[in-house]
Number of protein chains: 2
Amino acid sequence: MGRKTRMISDRPTLADVAQEAGVSAITVSRTIRSPEIVSERARRKVEAAIERLGYTPDPAASALASRTTSTIGLLVPSLTNNVFADVLRGVYEGVESTRFFVQIGNYRYSALHEEGLIRNFLSQKPAGLIVSSTDQTPEGRRLLETAPCPVVQIMDLRDGAVDMSVGFDQVAAVRKAAQHLLDCGYRRPGFLSARMDPRAQRRLNGFRDFAAANGVLGEDRIITTPQPSSVGMGGHLLEQLFSQAPDTDAVLCNNDDLAVGALMEAKRRHVAVPEQLGICSYNDIEMSRHMVPALTAVATPRREIGQRAIEMLLAEIAERGSVRDRHLDLGSELMIRESTRRA
Amino acid sequence: MGRKTRMISDRPTLADVAQEAGVSAITVSRTIRSPEIVSERARRKVEAAIERLGYTPDPAASALASRTTSTIGLLVPSLTNNVFADVLRGVYEGVESTRFFVQIGNYRYSALHEEGLIRNFLSQKPAGLIVSSTDQTPEGRRLLETAPCPVVQIMDLRDGAVDMSVGFDQVAAVRKAAQHLLDCGYRRPGFLSARMDPRAQRRLNGFRDFAAANGVLGEDRIITTPQPSSVGMGGHLLEQLFSQAPDTDAVLCNNDDLAVGALMEAKRRHVAVPEQLGICSYNDIEMSRHMVPALTAVATPRREIGQRAIEMLLAEIAERGSVRDRHLDLGSELMIRESTRRA
DNA sequence: ACAGAAAATGATTGCGCTGTCATTTTTCGT
DNA sequence: ACGAAAAATGACAGCGCAATCATTTTCTGT
């Protein structure tokens, strides 16, 4: 329905502002998007008109006309997992005070769901995309490869990244933790892991290889479950570990929830930590260092990953191909605390 | 630039599908949006054409033409806070298998930032909006009141909700917890709170009123900080509490992070819980019940809030005015565990 | 003061879709 | 088998903005 007369309730448009300011619509558009190419005089008139009318641009119209948006898509496998909460914080800090805003997609550890989200996000013509793994479906990967916007893959660092990547060597991090247990004199280390997504699986494999190479591998000390990770699950897994391998003297947990749960279960069983059981955690979220005893952990650079990812993305959006180092290894750091410190 | 010949790389449009299927564009549009009003024959042709061309609708064009989107905005004050992670989960479960998708905005406990996000979200013509408080700025509130879409305010339950609301009585919940401490025989209860956003402030006030009414109020046992809540902060606050009121015999923590931190600090100080110090937590996230000793807590219905909020919103989007009970009180439940159970 | 370059501004058109209303086809009762 | 009602389909225009290219204004050096 073509409506010549504008109803009062309608939001003002560019044209309204233009008329109010006595300039053309395109000048208003330019005043908003690149004020530096508009004369001082026009800019002031337009800004005043925008103020008077309470004008807000319509992102849909802008997206349609320009074929792009100010949206940055961020795909994470979980919102409950504190690991990604930290990544998010890093990302948010980086978009702050830019014209971009972040849209989060939660694919709940389902690659298929992730593929759907990639398709959905791309249909919205985002300015850029951050994805939390390198484990896309083949079709998901193809979509990323042919995406018309820059893409950053975070967390892992693996061959054949689609465009850019920021992360650290997860296997090296696990190895570092396992080595530490050996250094502390533990000889029968176990491994606890939940969820068993591809990344968890790779870490487990890293542990297996390391343990085997050092002659301390015991398959009955490796306890996993496909269920989600939680503090309660950490307790259950430790329980299972002790029932099938009572001689276990240390345990490497695939994340902090499990480690805290294991610590509590040890306490309930009156198993002394670190004397009878060493506990080493992975990620090192805030709570771990405040446990009693404080948990030794491999700290992963989650927040920095978020920061660097958004940094690279924004640079690449500003000018395609401008980012030199397209693959950043941020490393990991072993935080030695009481839970493995035995006399 | 009008381009008559379509470049290969371009995404197919409705018109392309229409031509491929031998129908008009509007029929394709209808096949996608309301297949029931299209004939079996046409629908099949269109679906085949969509499949062949790999067509994906352009949401920007759709938004522009129809003046609405399938986006549901969800404003939360924090993504780190597990409380909102649970709410999110409830919401996500509800939009699953609908045509809607959730866009999250994080205003980091800043009402001003929240106002900006409300404005930004509204400019995108969302189908509905969920906001996590009743503490908007006056302008933020005005925006919500005049929003052209349904709005649900969650968590709190207060007079003068803008449109719909789901939550529980936070003050009643605090009172329940405080009453429990008295019932257990604790007579000098303290209160620990961080962040001190308006909601935390109201809970503190609730505690004050209750304690005063029961003759157990001690202002020096109320320890707060404007800094964010964390496990470490729980330890610090307890430390401060003991230094300025050593006779404190119980502590009500404004959330689980603080409670866990307080528990650990008590352990470090060799203060026996629950004998010398009772600890009661607020919210009851998963980890609390697995601590040693397990933490007594007022469980808040976070996930259910998310579920009910999205339920109401979707019903209201489907048909304005169709929701009967526009203000739901989901209550709270005291979970009594070891941290307050003394002989 | 003037030509030429640079800066500022504007007219036009189309992005891809859906609302509206008109037209065609099908269905149904008698 | 016929007309009326209902169902299905289509033509057209416009949503609000930005890309393009043309035009006007301002600035520069001599």
Side-chain angles (χ1 to χ4, degrees), chain A residues 1-7 9-46 50 53 55-70 99 122-125 127 148, chain B residues 1-7 9-46 50 53 55-70 99 122-125 127 148:
Chain A
M1 176 201 59
R3 145 189 62 90
K4 292 277 143 48
T5 57
R6 175 172 301 287
M7 288 179 293
S9 72
D10 273 3
R11 283 172 42 187
T13 71
L14 262 194
D16 297 330
V17 176
Q19 187 172 21
E20 175 81 12
V23 298
S24 71
I26 190 66
T27 298
V28 177
S29 175
R30 283 197 273 249
T31 310
I32 292 167
R33 290 180 299 152
S34 28
E36 71 280 3
I37 66 164
V38 172
S39 70
E40 178 77 20
R41 214 170 66 90
R43 178 154 24 105
R44 268 210 279 272
K45 283 194 297 184
V46 170
I50 287 175
L53 267 47
Y55 169 75
T56 328
D58 181 335
S62 173
L64 184 57
S66 70
R67 300 161 150 273
T68 185
T69 65
S70 296
R99 67 187 181 87
L122 286 179
S123 79
Q124 294 178 57
K125 304 167 194 155
Chain B
M1 176 202 58
R3 144 190 63 88
K4 293 277 145 48
T5 59
R6 174 172 303 286
M7 288 179 294
S9 73
D10 272 4
R11 285 171 41 187
T13 70
L14 260 195
D16 298 330
V17 176
Q19 186 172 21
E20 175 81 13
V23 298
S24 70
I26 190 68
T27 298
V28 177
S29 175
R30 283 197 273 248
T31 308
I32 292 168
R33 290 180 300 152
S34 28
E36 70 280 3
I37 65 164
V38 173
S39 72
E40 178 77 19
R41 214 171 65 91
R43 180 154 21 106
R44 268 210 278 270
K45 284 192 297 184
V46 170
I50 287 176
L53 267 48
Y55 169 75
T56 328
D58 180 335
S62 174
L64 184 57
S66 70
R67 300 162 150 276
T68 185
T69 65
S70 296
R99 68 187 181 86
L122 286 179
S123 78
Q124 294 177 57
K125 304 169 195 153

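Just so we're on the same page: letters track the sequence lines, and every chain starts at 1. All values reported here derive from a predicted model rather than from experimental measurement.
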Trainee: What is the distance, to the nearest angstrom, from the CG atom on A:L64 to the P atom on D:dA19?
Mentor: 12 Å
Trainee: Look at the side chain of B:R99 and the backbone N and O of B:S70, then say whether any donor-acceptor pair between them is shorter than 3.5 Å.
Mentor: no
Trainee: Using the side chain to side chain contact (heavy atoms under 4.5 Å, CB included) criterion, which residues pair with B:A18? Sequence neighbours excluded.
Mentor: B:A25, B:V28
Trainee: Indicate, with a heavy-atom threshold strictly under 4.0 Å, whether A:L14 touches base, sugar-phosphate, or nothing.
Mentor: sugar-phosphate
Trainee: Please, which pairs that meet salt bridge (charged side-chain N to carboxylate O under 4.0 Å, His left out) have at least one residue in residues 21-36 of chain B, sequence neighbours excluded?
Mentor: none
Trainee: Apply side chain to side chain contact (heavy atoms under 4.5 Å, CB included) to the pair B:I50 and B:T31, showing each step before the final yes or no.
Mentor: CA-CA 10 Å; B:I50 287 176; B:T31 308; 5.6 Å; no
Trainee: State, to 0.1 Å, how close B:I32 and B:Y55 come at their nearest heavy-atom pair, and which atoms those are.
Mentor: CD1-CE2, 3.6 Å
Trainee: Please enumerate all residues that pass salt bridge (charged side-chain N to carboxylate O under 4.0 Å, His left out) together with B:E40, with sequence neighbours excluded.
Mentor: B:R43, B:R44
Trainee: With the threshold set at under 4.0 Å for non-hydrogen atoms, list the residues of residues 34-42 of chain B touching DNA chain D in residue-number order.
Mentor: B:I37, B:V38, B:S39, B:A42
Trainee: Measure the distance from NZ on A:K45 to C1' on C:dT9 and round it to the nearest whole Å.
Mentor: 11 Å
Trainee: If you compare every side-chain N and O of B:R67 against the phosphate oxygens of C:dC17 (OP1, OP2), does one of them come in below 4.0 Å?
Mentor: no
Trainee: For A:R41, enumerate each residue passing the side-chain hydrogen bond (donor to acceptor under 3.5 Å, both in side chains) test, keeping only those at least two apart in sequence or located in another chain.
Mentor: none
Trainee: Find the distance B:R99:CZ to C:dT18:P and express it as a whole number of Å.
Mentor: 11 Å
Trainee: Give the minimum heavy-atom separation between B:A60 and A:L64, together with the two atoms involved.
Mentor: CB-N, 4.0 Å
Trainee: Can you name the side chain to side chain contact (heavy atoms under 4.5 Å, CB included) partners of B:A42, sequence neighbours left out?
Mentor: B:T27, B:V38, B:S39
Trainee: Roughly how many Å is it from CG in B:D16 to C1' in C:dC15, rounded to a whole number?
Mentor: 13 Å
Trainee: Under a 4.5 Å cut-off applied to non-hydrogen side-chain atoms, are B:T69 and B:Q124 in contact?
Mentor: no
Trainee: Under 3.5 Å between N/O atoms: give me all the protein pairs with nucleotides 23-25 of chain D, atom names plus distance.
Mentor:
none

Trainee: Please report how far the helix from C:dA1-D:dT30 to C:dT30-D:dA1 bends, comparing the axis fitted to its first five pairs with the axis fitted to its last five, to the nearest 10 degrees.
Mentor: 0°
Trainee: What residues in residues 20-31 of chain B put a non-hydrogen atom under 4.0 Å from any atom of DNA chain C?
Mentor: B:I26, B:S29
Trainee: Rounded to whole Å, how long is the line connecting atom CD of B:Q19 with atom P of D:dG10?
Mentor: 13 Å
Trainee: Write down the distance between CG (A:D58) and C1' (C:dG16), rounded to a whole number of angstrom.
Mentor: 14 Å
Trainee: Of all residues at least two apart in sequence or in a different chain, which pass the salt bridge (charged side-chain N to carboxylate O under 4.0 Å, His left out) check with A:K125?
Mentor: B:D58
Trainee: B:S123: what forms a side-chain hydrogen bond (donor to acceptor under 3.5 Å, both in side chains) with it, not counting sequence neighbours?
Mentor: none
Trainee: For A:E20, I'd like to know if atom CD has over 12 heavy atoms of other residues, nucleotides or ligands within 6.0 Å.
Mentor: yes
Trainee: Which whole-number value in Å describes the distance from A:R43 CZ to C:dT9 C1'?
Mentor: 14 Å
Trainee: Can you name the side chain to side chain contact (heavy atoms under 4.5 Å, CB included) partners of A:S66, sequence neighbours left out?
Mentor: A:S62, A:T68
Trainee: Rounding to an integer number of Å, can you tell me how far A:R33 CZ sits from C:dT9 P?
Mentor: 15 Å
